[in-house]
Amino acid sequence: QIHLVESGGGSVQAGGSLRLTCVASGYTDSPYCMGWFRQAPEKEREWAARMFTGNTPYYDPSVKGRFVISEENDKNTVYLQMNSLQPEDTAMYYCVIGKYCYSSSDMFTHWGQGTQVTVSS
């Protein structure tokens with residue numbers, strides 16, 4: 001059984017930083033795609049950042065230059081370092097893992113429970 005466990009969300013003031021961690025267990029495909037979707041209230045779910053094993057990471061333009069995604073393949077762990085956070089980054093952040101980096105969240109079947117990030121101005 002595949003489990004994704006996220007941690008690291010919280011509340012910060014604008015300009016602050018948070019680091020999200022996601023640990024996947026039970027996933028055996030390799031290579032794989034792992035990353036973070038986010039969903040703000042009344043908005044659609046969107047990619048924040050993702051990476052396919054050994055490839056250049058993808059960032060949504062709104063977070064590029066502020067967020068850094070990294071991974072430890074041998075531990076099936078992915079991190080999202082979020083710097084210079086802004087109120088518009090407020091969202092629930094969900095970790096996903098899959099065989100490919102699908103553009104649509106509907107294509108992913110393995111999700112974490114989500115971790116809330118709240119940024120106040």
Side-chain angles (χ1 to χ4, degrees):
Q1 199 167 5
I2 297 168
H3 290 286
L4 299 175
V5 179
E6 300 136 336
S7 60
S11 298
V12 295
Q13 291 190 327
S17 297
L18 286 172
R19 188 191 196 207
L20 306 183
T21 300
C22 177
V23 181
S25 59
Y27 193 85
T28 57
D29 283 349
S30 182
Y32 56 83
C33 179
M34 204 166 175
W36 300 87
F37 279 97
R38 65 182 183 178
Q39 187 166 21
E42 301 181 357
K43 291 191 176 181
E44 292 188 357
R45 197 168 288 181
E46 62 178 11
W47 273 114
R50 65 181 185 251
M51 64 189 308
F52 190 79
T53 306
N55 282 21
T56 302
Y58 164 84
Y59 298 96
D60 182 85
S62 67
V63 308
K64 199 169 186 178
R66 300 186 296 120
F67 290 12
V68 178
I69 188 170
S70 59
E71 64 180 356
E72 293 186 81
N73 294 117
D74 57 341
K75 298 180 181 179
N76 276 14
T77 299
V78 67
Y79 306 95
L80 186 65
Q81 178 67 42
M82 305 185 294
N83 302 318
S84 301
L85 283 161
Q86 300 300 316
E88 51 266 35
D89 295 315
T90 295
M92 185 70 81
Y93 285 71
Y94 297 92
C95 177
V96 296
I97 191 169
K99 191 172 183 179
Y100 302 107
C101 282
Y102 307 104
S103 57
S104 170
S105 63
D106 293 341
M107 298 297 291
F108 286 91
T109 56
H110 306 301
W111 291 77
Q113 78 282 4
T115 185
Q116 178 67 39
V117 171
T118 302
V119 185
S120 58
S121 57

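Computed from a prediction, not measured in an experiment: that's the story for all the values here.
Grouping the Ile, Leu, Val, Met, Phe, Trp and Tyr side chains by contacts below 4.5 angstrom, directly or via other members, places Tyr94 with Tyr58. Following chains of ILVMFWY side-chain contacts shorter than 4.5 Å, one can reach Val78 starting from Val63, so the two form part of one hydrophobic cluster. Cluster annotation: Val96 is not connected to Ile2 through the hydrophobic network of ILVMFWY side chains, with a link wherever side-chain heavy atoms come within less than 4.5 Å. No continuous path of ILVMFWY side-chain contacts below 4.5 Å connects Tyr102 to Tyr32, so the two sit in separate hydrophobic clusters. Linking ILVMFWY side-chain heavy atoms closer than 4.5 Å, directly or via other members, places Met107 and Phe37 in a single hydrophobic cluster.
Side chain of Gln81 to main chain of Val68: no donor-acceptor pair is present (N/O by atom type, distance under 3.5 Å, no hydrogens or angles).
Nearest heavy-atom pair, Gly35 versus Ile69, reported as atom, atom and distance to 0.1 Å: CA-CD1, 4.0 Å. When all heavy atoms of Met92 and Gly114 are compared, the closest pair comes out as SD-C, 3.7 Å. Contact detail for Arg38 and Ser62: the closest heavy-atom pair is NH2-OG, 3.0 Å. The heavy-atom pair separating Glu6 from Cys95 by the smallest distance is OE2-N, 2.5 Å.
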What pairs of donor and acceptor atoms, side-chain ones from residues 17-25 against any protein atom, are under 3.5 angstrom apart with sequence neighbours left out?
from, atom 1, to, atom 2, distance (Å)
Ser17, OG, Asn83, OD1, 3.0

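Atom CZ of Arg66 sits about 12.0 Å away from atom OH of Tyr59, to the nearest 0.5 Å. Distance check, rounded to the nearest 0.5 Å: CZ of Arg45 to OG of Ser104 gives 10.0 Å. From Thr90, atom OG1 reaches atom NZ of Lys43 across 10.0 Å, with rounding to the nearest 0.5 Å. Summarising the geometry, atom CD belonging to Glu46 is positioned 15.0 Å from atom CH2 belonging to Trp36; distances are rounded to the nearest 0.5 Å. In this structure, NE2 on His3 lies 13.0 Å from CD1 on Ile97, to the nearest 0.5 angstrom. Note that CD of Glu71 is 8.0 Å distant from CE of Met34, once rounded to the nearest 0.5 Å.
Between Phe52 and Cys33, some side-chain heavy-atom pair lies under the 4.5 Å cut-off. Residues Leu4 and Tyr27 are not in side-chain contact: their nearest non-hydrogen atoms beyond the backbone lie 4.5 Å or more apart. In this structure the side chain of Leu85 reaches within 4.5 angstrom of the side chain of Phe67, judged on heavy atoms.
Residue pairs satisfying the side-chain hydrogen bond (donor to acceptor under 3.5 Å, both in side chains) criterion with at least one member in residues 112-121, sequence neighbours excluded, are listed as follows: Gln116-Thr118.
For the residue pair Glu72/Tyr79, the side-chain donor-acceptor check at 3.5 Å is satisfied.
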(message) Is there a side-chain contact (heavy atoms from CB on, under 4.5 Å) between Asp89 and Met82? Walk through the geometry before answering.
(response) CA-CA 9 Å; Asp89 295 315; Met82 305 185 294; over 6 Å; no
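Among residues two or more places apart in sequence or in another chain, the ring pair (Phe, Tyr, Trp, His ring centres under 6.0 Å) test is passed with Tyr93 by none.
For Trp47 and Phe108, the gap between ring centers is short of 6.0 Å.
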